[in-house]
Amino acid sequence: MTAVTIPGLDQAPTTHARLLTWVQEVAELTTPNEVVWVDGSEEESARINAKLVAAGTFVPLKKKPNSFWCASDPSDVARVEERTFICSVDPADCGPTNNWMQPAEMKAIMTELYRGCMRGRTMYVIPFCMGPLEAESPMLGVEITDSEYVVASMRIMTRMGAKALAKFGEDADFVPALHSVGAPLEPGQADVAWPCNETKYITQFPEERAIWSFGSGYGGNALLGKKCYSLRIASAKARDEGWLAEHMLILKLTSPENKVHYIAAAFPSACGKTNLAMLEPTIPGWKVETLGDDIAWMRFGEDGRLYAVNPEFGFFGVAPGTDYHTNPNAMRTIERGNSLFTNVALTDDGDIWWEGMGEPPAHLTSWKKQDWTPDSGELSSHPNSRYCTPMSQCPILAPEWDDPKGVPISAIFFGGRRATTVPLVTESRDWQHGVFMGATLSSETTAAAVGQVGVVRRDPMAMLPFIGYHAGDYFQHWIDMGKNANAEKLPKIFYVNWFRRGEDKRFLWPGFGENSRVLKWAIERIEGKASAQETAIGHVPAPESLDLSGLDAPVADIEAALEFDAQEWRAELPLIEEWFTKIGDKLPTSLRDEFEALKQRLG
Ligand code: GDP
Ligand code: PGA
Ligand code: MN
């Protein structure tokens, strides 16, 4: 290897040979001005934030301690599914829901993009751990990035720096995750506030357990511990090792009788995970505490129950719609400071504002950095604007949130955003039927990914953009997980929809804190206390079995939200058929059987 002298490269606080070799190779390829080994300290964080303020990327907030406003390039605001690749060695291990390219071909393309791409910038080496540091085998990774924004965000979203590096020893396994915004600087060239590149690649190599990301600074594309590692790479690892890596929140529900249940719920991006995870029940005596709002890793414990761990350390939540009425606990979490706000509006007195926070101020700086007034005729905040805030600040964080053992899951919810067809809540008959519900889950697209919003698509287990291998194999893995378990101890599976609409397009169900009524019904079903009605699609609440006491909503709306409509479901059948045809030969026979049985029942 030619000895290239890049300041900082030789100051590695580790003797881990594979890590040192990789960092050296990346530095030689990308040719940064200097290399910084990130330790995660307060001093370092202050230095990085100051650099971001000086660059015009961050504006310090006057109204929240140690918090910053940030506006991205208007073209770099969401995940880019078209540019996301699963580069498995065998194409049969990928698709039909993923983009694929031969690993060598992808590496050749991306290597040329990476060549010299950090010129004029600092290369940061961020050791991190997904999930508790005290886990038996901590899930380690290292992100190399040339973005200070990524360093600041990874500090909130992951356990990182020296405390993570301490787990590496001489030879611990780790996921190498390479990121560049792809915006080299020539000598004397002024930087922009949000560097990025028109060309973007978000690439996973599942066999190598490696991630290469280029061209974007947006969370889901650039914070590689999150969707890339904890879902795409982890799902492939989980398939090999017999566990599940899922796009699920984890919450703790305590009944008035002090009985505790843990619930995991999978909803597509921007369909209500963070809100449900932090819900304030409207029904007296019930309590919700938060363990995670986006990702759950689940494996069977010695007692035969399925235990869930949240790999993350912070919340990366959708800002618009969040306020003291809808999600007071998210508001309390961000009030404590130490948070980043991207693509929301900035108030004249140095606070943040977004749509859904009540009456707008007379003047704002919009996410496009333009003057904004209530008459501007456009949104002040991007619909996918985000807050990034430490989990530890959440006032209803469950005490066991950092326990490496995880928590035993009683119920799994699958849900989507459907204006029609899907009732408020349906209980599956058994595990296989629940897997069918998950595998055929559908939702309207949202602003969390680039593309048209509001289009109904199948989003299996809310994992469509995140399954790191073939979707048919993924369904089989879910079926097998149930087959190999004690059926009595498996979580019960429910299908929910908070987003059904009336003819005038208003939501039929009030949602948010009122969703506690659905949680209660689910738990009472598990405990054998609530009654249900059998329908063609599963068990729905019997009249009066769903607690509606004190609910301020028109009875007709609630009935319409709960209704099973055979006509609407018959119209759904060709869409499921089309979806299963797309999955092809790898579709498990058991799911095909479930589909045939559903058709029979619908007549
Ligand atoms: P996540 O991306 O899945 O975590 O979704 P969020 O919890 O951040 O919610 C996304 C959007 O859906 C936000 O604008 C929320 O205000 C809205 N939302 C969340 N829960 C509900 C609900 O129960 N009813 C309605 N109508 N909207 C909701
Ligand atoms: P979320 O995901 O919308 O599920 O919170 C964040 C992302 O866009 O990656
Ligand atoms: Mn979320």
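Below, all heavy atoms of this structure are taken into account, side chains as well, without hydrogens, waters or symmetry copies. Atoms within each ligand, like the ligands themselves, are counted from 1 in listed order.
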Legend entry - Element-labelled atoms of ligand 1 that are located less than 4.0 Å from some non-hydrogen atom of Arg417: 11 (C), 12 (O)
Inset, instruction - Quick one: sort the Phe494 and Phe413 rings into parallel, tilted or perpendicular, breaks at 30° and 60°. - result: tilted
Legend entry - Sub-4.0 Å atoms of ligand 1 with respect to non-hydrogen atoms of Val318: 2 (O), 8 (O)
Inset, instruction - Before signing off on this row, confirm whether Thr322 and ligand 1 have an N or O atom pair separated by under 3.5 Å. - result: no
Inset, instruction - Determine, using heavy atoms of Asn515 and all atoms of ligand 1, whether some pair is separated by less than 4.0 Å. - result: yes
Legend entry - Trp354, Phe512, Tyr387, Phe315: member with heavy atom nearest to atom 28 (C) of ligand 1: Phe512
Inset, instruction - Please say whether Gly511 places an N or O atom under 3.5 Å from an N or O atom belonging to ligand 1. - result: no
Inset, instruction - Determine whether the aromatic ring centres of Phe316 and Tyr218 lie less than 6.0 Å apart. - result: yes
Legend entry - Glu82 with Lys200: basic N within carboxylate O range, under 4.0 Å: no
Inset, instruction - Verify whether the ring centers belonging to Phe507 and Phe499 lie closer than 6.0 Å. - result: yes
Inset, instruction - Compute the shortest N/O to N/O distance between Asn275 and ligand 1 and return yes if it is under 3.5 Å, no if not. - result: yes
Legend entry - Spacing of Trp354 atom CH2 and His382 atom NE2 [to the nearest 0.5 Å]: 15.5 Å
Legend entry - Backbone or side-chain N/O/S of Ser269 under 2.8 Å of the Mn ion (ligand 3): no
Inset, instruction - Please verify whether a non-hydrogen atom of Glu514 lies at under 4.0 Å from ligand 1. - result: no
Legend entry - Heteroatom proximity flag, Phe499 to ligand 1, N/O under 3.5 Å: no
Inset, instruction - Check if Pro268 has a non-hydrogen atom at a distance under 4.0 Å from any atom of ligand 1. - result: yes
Legend entry - Atoms of ligand 1 close to Gly321 [distance to a heavy atom under 4.0 angstrom, numbered from 1]: 16 (O)
Inset, instruction - Using distance alone, determine whether Phe507 and ligand 1 share an N or O pair under 3.5 Å. - result: no
Legend entry - Ring centre gap for Trp372 and Trp367 strictly below 6.0 Å: no
Inset, instruction - Look only at interatomic distance and state if Arg386 has a nitrogen or oxygen under 3.5 Å from any nitrogen or oxygen of ligand 1. - result: no
Legend entry - Polar contact flag for Ser269 and ligand 1 (N/O pairs, less than 3.5 Å): no
Inset, instruction - Enumerate the residue pairs fulfilling side-chain hydrogen bond (donor to acceptor under 3.5 Å, both in side chains) with a member in residues 435-450, sequence neighbours excluded, ordered by first and then second residue. - result: Arg418-Ser442
Legend entry - Those residues that, when tested against Trp297, pass side chain to side chain donor-acceptor pair (under 3.5 Å) (two or more places apart): none
Legend entry - Ring centre gap for Tyr262 and Trp401 strictly below 6.0 Å: no
Legend entry - Whether Pro320 lies under 4.0 Å from ligand 1, heavy atom: yes
Legend entry - Pair Tyr201, Ser216: side-chain N/O donor-acceptor within cut-off below 3.5 Å: no
